[in-house]
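Please read the structure below before turning to the comments.
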Amino acid sequence: KAGVTQTPRYLIKTRGQQVTLSCSPISGHRSVSWYQQTPGQGLQFLFEYFSETQRNKGNFPGRFSGRQFSNSRSEMNVSTLELGDSALYLCASSLEGQKNTEAFFGQGTRLTVV
Amino acid sequence: GDSVTQMEGPVTLSEEAFLTINCTYTATGYPSLFWYVQYPGEGLQLLLKATKADDKGSNKGFEATYRKETTSFHLEKGSVQVSDSAVYFCALSASGGYNKLIFGAGTRLAVHP
(Lines give C-alpha, C1' and ligand atoms only; values in the text may rest on other atoms or scores of the structure.)
Protein backbone atom coordinates (compact mmCIF):
# COMPACT_ATOMS: atom_id res chain seq x y z
CA LYS A 1 0.00 0.00 0.00
CA ALA A 2 1.53 3.31 -1.05
CA GLY A 3 2.15 5.85 1.67
CA VAL A 4 1.43 9.55 1.70
CA THR A 5 3.08 11.21 -1.28
CA GLN A 6 4.06 14.84 -1.28
CA THR A 7 5.34 16.69 -4.31
CA PRO A 8 7.65 18.29 -4.95
CA ARG A 9 10.22 17.29 -2.32
CA TYR A 10 12.17 20.52 -2.66
CA LEU A 11 11.29 24.00 -3.86
CA ILE A 12 13.14 27.28 -4.07
CA LYS A 13 11.03 30.39 -4.56
CA THR A 14 11.59 34.13 -4.49
CA ARG A 15 9.92 36.50 -2.07
CA GLY A 16 6.58 37.69 -3.38
CA GLN A 17 5.94 34.61 -5.48
CA GLN A 18 3.29 32.02 -4.76
CA VAL A 19 3.65 28.28 -4.43
CA THR A 20 1.41 25.23 -4.55
CA LEU A 21 2.24 22.01 -2.75
CA SER A 22 0.53 18.70 -3.39
CA CYS A 23 -0.36 15.77 -1.17
CA SER A 24 -1.77 12.40 -2.17
CA PRO A 25 -3.11 10.53 0.86
CA ILE A 26 -3.11 6.82 1.41
CA SER A 27 -5.79 5.15 -0.66
CA GLY A 28 -9.09 5.22 1.20
CA HIS A 29 -8.10 7.99 3.59
CA ARG A 30 -10.44 10.96 3.50
CA SER A 31 -8.80 13.26 6.04
CA VAL A 32 -5.75 15.32 5.11
CA SER A 33 -3.95 17.68 7.47
CA TRP A 34 -1.09 20.08 6.82
CA TYR A 35 1.68 21.15 9.19
CA GLN A 36 4.54 23.60 8.99
CA GLN A 37 7.83 22.63 10.63
CA THR A 38 10.49 25.23 11.36
CA PRO A 39 13.47 25.21 13.77
CA GLY A 40 12.04 28.16 15.67
CA GLN A 41 8.34 27.33 15.91
CA GLY A 42 8.44 23.55 15.67
CA LEU A 43 5.45 21.72 14.21
CA GLN A 44 2.39 23.88 13.74
CA PHE A 45 -1.01 22.86 12.43
CA LEU A 46 -2.13 24.66 9.29
CA PHE A 47 -5.49 23.12 8.37
CA GLU A 48 -7.40 19.89 7.96
CA TYR A 49 -9.72 18.74 5.21
CA PHE A 50 -12.24 15.96 5.27
CA SER A 51 -14.42 15.06 2.31
CA GLU A 52 -13.44 18.28 0.50
CA THR A 53 -14.40 20.49 3.46
CA GLN A 54 -12.02 22.43 5.65
CA ARG A 55 -12.94 21.46 9.18
CA ASN A 56 -10.18 23.06 11.16
CA LYS A 57 -7.72 25.86 10.66
CA GLY A 58 -4.60 26.86 12.54
CA ASN A 59 -3.39 30.33 13.36
CA PHE A 60 -1.82 31.30 10.05
CA PRO A 61 -2.45 34.34 7.86
CA GLY A 62 -4.83 34.20 4.93
CA ARG A 63 -1.88 33.83 2.56
CA PHE A 64 -1.99 30.16 3.46
CA SER A 65 -4.87 28.31 1.88
CA GLY A 66 -5.74 24.81 0.84
CA ARG A 67 -8.26 22.62 -0.81
CA GLN A 68 -9.17 18.99 -1.18
CA PHE A 69 -10.42 17.26 -4.28
CA SER A 70 -13.02 14.54 -4.64
CA ASN A 71 -10.28 11.88 -4.77
CA SER A 72 -9.00 13.18 -1.38
CA ARG A 73 -5.82 14.63 -2.85
CA SER A 74 -5.03 17.97 -1.32
CA GLU A 75 -3.11 21.06 -2.24
CA MET A 76 -1.94 23.96 -0.18
CA ASN A 77 -1.08 27.35 -1.56
CA VAL A 78 1.03 30.12 -0.12
CA SER A 79 0.78 33.50 -1.80
CA THR A 80 3.11 36.46 -1.53
CA LEU A 81 5.90 34.39 -0.07
CA GLU A 82 7.99 35.76 2.77
CA LEU A 83 11.40 34.64 3.95
CA GLY A 84 9.78 33.30 7.12
CA ASP A 85 7.72 30.86 5.08
CA SER A 86 10.84 28.76 4.54
CA ALA A 87 10.00 25.48 6.21
CA LEU A 88 9.29 21.80 5.84
CA TYR A 89 5.61 21.37 5.01
CA LEU A 90 4.20 18.05 6.09
CA CYS A 91 0.98 16.43 5.03
CA ALA A 92 -0.76 13.71 7.05
CA SER A 93 -3.64 11.48 6.09
CA SER A 94 -6.07 9.56 8.27
CA LEU A 95 -8.64 6.93 7.53
CA GLU A 96 -11.50 8.42 9.48
CA GLY A 97 -12.30 11.85 10.79
CA GLN A 98 -12.03 10.95 14.46
CA LYS A 99 -9.36 12.28 16.78
CA ASN A 100 -8.02 8.91 17.86
CA THR A 101 -7.19 7.81 14.35
CA GLU A 102 -3.54 7.40 13.50
CA ALA A 103 -2.11 10.07 11.20
CA PHE A 104 0.35 8.94 8.53
CA PHE A 105 2.82 11.55 7.42
CA GLY A 106 4.49 12.12 4.09
CA GLN A 107 8.17 12.97 3.73
CA GLY A 108 7.37 16.63 3.35
CA THR A 109 8.14 19.43 0.93
CA ARG A 110 11.15 21.56 1.81
CA LEU A 111 10.37 25.13 0.77
CA THR A 112 13.14 27.70 0.68
CA VAL A 113 12.23 31.34 0.07
CA VAL A 114 15.08 33.56 -1.08
CA GLY B 1 -5.32 26.23 24.99
CA ASP B 2 -3.92 22.75 24.61
CA SER B 3 -0.15 22.39 24.82
CA VAL B 4 2.65 19.84 25.12
CA THR B 5 5.94 20.32 26.92
CA GLN B 6 8.91 18.05 26.28
CA MET B 7 12.29 17.90 27.92
CA GLU B 8 14.88 19.78 25.93
CA GLY B 9 17.56 17.92 24.09
CA PRO B 10 19.82 16.83 22.84
CA VAL B 11 19.92 13.63 24.80
CA THR B 12 23.16 11.74 24.29
CA LEU B 13 23.40 8.13 25.38
CA SER B 14 25.65 5.15 24.92
CA GLU B 15 24.27 2.06 23.25
CA GLU B 16 22.26 -0.17 25.63
CA ALA B 17 21.59 2.70 28.04
CA PHE B 18 18.13 3.38 29.47
CA LEU B 19 16.13 6.16 27.85
CA THR B 20 13.52 8.47 29.33
CA ILE B 21 12.10 11.47 27.50
CA ASN B 22 9.67 13.45 29.62
CA CYS B 23 6.42 14.80 28.23
CA THR B 24 3.65 16.66 30.02
CA TYR B 25 0.51 18.15 28.58
CA THR B 26 -2.28 20.62 29.19
CA ALA B 27 -5.59 19.86 27.58
CA THR B 28 -9.32 20.22 27.87
CA GLY B 29 -11.13 16.96 28.14
CA TYR B 30 -9.50 13.63 27.39
CA PRO B 31 -7.07 13.83 24.51
CA SER B 32 -5.33 10.92 22.87
CA LEU B 33 -1.56 11.01 23.28
CA PHE B 34 1.10 10.07 20.76
CA TRP B 35 4.82 9.72 20.31
CA TYR B 36 6.16 10.33 16.81
CA VAL B 37 9.73 9.85 15.59
CA GLN B 38 11.47 11.72 12.79
CA TYR B 39 14.62 10.39 11.17
CA PRO B 40 16.88 12.77 9.21
CA GLY B 41 15.30 13.94 5.99
CA GLU B 42 12.06 12.09 6.68
CA GLY B 43 8.53 12.83 7.74
CA LEU B 44 7.06 11.71 11.04
CA GLN B 45 6.31 8.11 11.93
CA LEU B 46 3.92 7.12 14.68
CA LEU B 47 5.86 5.29 17.37
CA LEU B 48 3.05 4.58 19.84
CA LYS B 49 -0.20 5.97 21.15
CA ALA B 50 -2.59 5.82 24.11
CA THR B 51 -6.21 6.87 23.98
CA LYS B 52 -7.30 6.89 27.62
CA ALA B 53 -5.94 7.17 31.14
CA ASP B 54 -3.66 4.33 32.30
CA ASP B 55 -3.30 2.98 28.77
CA LYS B 56 0.22 1.89 27.92
CA GLY B 57 1.39 2.28 24.35
CA SER B 58 4.33 0.19 23.21
CA ASN B 59 6.27 -0.47 20.03
CA LYS B 60 9.80 -1.55 19.11
CA GLY B 61 10.82 -1.66 22.77
CA PHE B 62 9.52 1.83 23.49
CA GLU B 63 6.77 2.36 26.06
CA ALA B 64 4.71 5.23 27.42
CA THR B 65 1.85 5.29 29.91
CA TYR B 66 -0.98 7.83 29.87
CA ARG B 67 -0.98 9.33 33.37
CA LYS B 68 -3.95 11.60 33.84
CA GLU B 69 -3.15 12.46 37.45
CA THR B 70 0.24 13.88 36.48
CA THR B 71 -0.78 14.85 32.90
CA SER B 72 2.26 13.02 31.61
CA PHE B 73 3.21 10.60 28.84
CA HIS B 74 6.92 9.88 29.30
CA LEU B 75 8.71 7.79 26.69
CA GLU B 76 11.00 4.99 27.89
CA LYS B 77 13.19 2.31 26.39
CA GLY B 78 15.24 -0.14 28.34
CA SER B 79 18.18 -0.45 25.96
CA VAL B 80 18.73 2.02 23.13
CA GLN B 81 20.51 1.29 19.87
CA VAL B 82 22.43 3.53 17.50
CA SER B 83 19.52 3.17 15.07
CA ASP B 84 17.22 4.90 17.60
CA SER B 85 19.02 8.19 16.96
CA ALA B 86 16.30 10.56 15.78
CA VAL B 87 14.04 13.38 16.94
CA TYR B 88 11.10 12.34 19.12
CA PHE B 89 7.89 14.33 19.32
CA CYS B 90 5.16 14.03 21.92
CA ALA B 91 1.73 15.06 20.67
CA LEU B 92 -1.91 15.20 21.67
CA SER B 93 -5.13 15.32 19.73
CA ALA B 94 -6.52 18.81 20.22
CA SER B 95 -9.87 19.30 21.93
CA GLY B 96 -12.62 19.23 19.35
CA GLY B 97 -9.97 19.27 16.69
CA TYR B 98 -10.63 16.05 14.83
CA ASN B 99 -7.23 15.25 13.33
CA LYS B 100 -5.50 18.34 14.67
CA LEU B 101 -2.35 17.38 16.56
CA ILE B 102 -0.52 19.62 19.00
CA PHE B 103 3.18 18.78 19.13
CA GLY B 104 5.89 19.33 21.65
CA ALA B 105 9.15 20.96 20.56
CA GLY B 106 10.83 17.62 19.94
CA THR B 107 13.79 15.97 21.65
CA ARG B 108 16.83 14.96 19.66
CA LEU B 109 18.37 11.67 20.73
CA ALA B 110 21.91 10.70 19.78
CA VAL B 111 23.07 7.18 20.62
CA HIS B 112 26.77 6.38 20.39
CA PRO B 113 28.32 2.92 20.07
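- There is no contact between A/Arg110 and chain B, counting heavy-atom distances below 4.5 Å.
- In plain terms, the two heavy atoms of A/Leu90 and B/Gly43 that are nearest each other are CD2-CA, 4.0 Å.
- By the criterion of side-chain heavy atoms lying less than 4.5 angstrom apart, applied directly or through intervening Ile, Leu, Val, Met, Phe, Trp or Tyr residues, B/Tyr39 is grouped together with B/Leu48 in one hydrophobic cluster.
- Cluster membership check: A/Val32 shares its hydrophobic cluster with A/Tyr89, using side-chain heavy-atom separations under 4.5 Å among Ile, Leu, Val, Met, Phe, Trp and Tyr.
- In this structure, A/Val113 is a member of the same hydrophobic cluster as A/Trp34, with clusters built from ILVMFWY side-chain heavy atoms closer than 4.5 Å.
- Here the CD1 atom belonging to B/Ile102 is positioned 9.5 Å from the CD atom belonging to A/Gln44, to the nearest 0.5 angstrom.
- Put simply, CZ on A/Arg55 and NZ on B/Lys100 are 13.0 Å apart, with the number rounded to the nearest 0.5 Å.
- In the hydrophobic cluster analysis, where Ile, Leu, Val, Met, Phe, Trp and Tyr join through side-chain heavy atoms closer than 4.5 angstrom, A/Leu88 is grouped apart from A/Met76.
- B/Lys49 and A/Glu102 get closest at one heavy-atom pair: NZ-N, 4.3 Å.
- Hydrophobic cluster membership differs between A/Val4 and A/Leu11, with clusters built from Ile, Leu, Val, Met, Phe, Trp and Tyr side chains linked at under 4.5 angstrom.
- For A/Lys57, the NZ atom sits in a packed shell: over 12 heavy atoms of surrounding residues, nucleotides or ligands are nearer than 6.0 Å.
- Aromatic ring centres of B/Phe103 and A/Tyr35 lie closer together than 6.0 Å.
- Neither the backbone nor the side chain of B/Gln45 comes within contact range of chain A, judged by heavy atoms closer than 4.5 Å.
- The heavy-atom pair separating A/Phe45 from B/Leu101 by the smallest distance is CB-O, 4.3 Å.
- Annotation: the span from A/Gln107 atom CD to B/Glu42 atom CD amounts to 4.5 Å, rounded to 0.5 Å.
- If you measure heavy-atom distances from A/Gln6 to chain B, you find no contacts under 4.5 Å at all.
- Within a 6.0 Å radius of CD in A/Glu52, more than 12 heavy atoms belonging to other residues, nucleotides or ligands are found.
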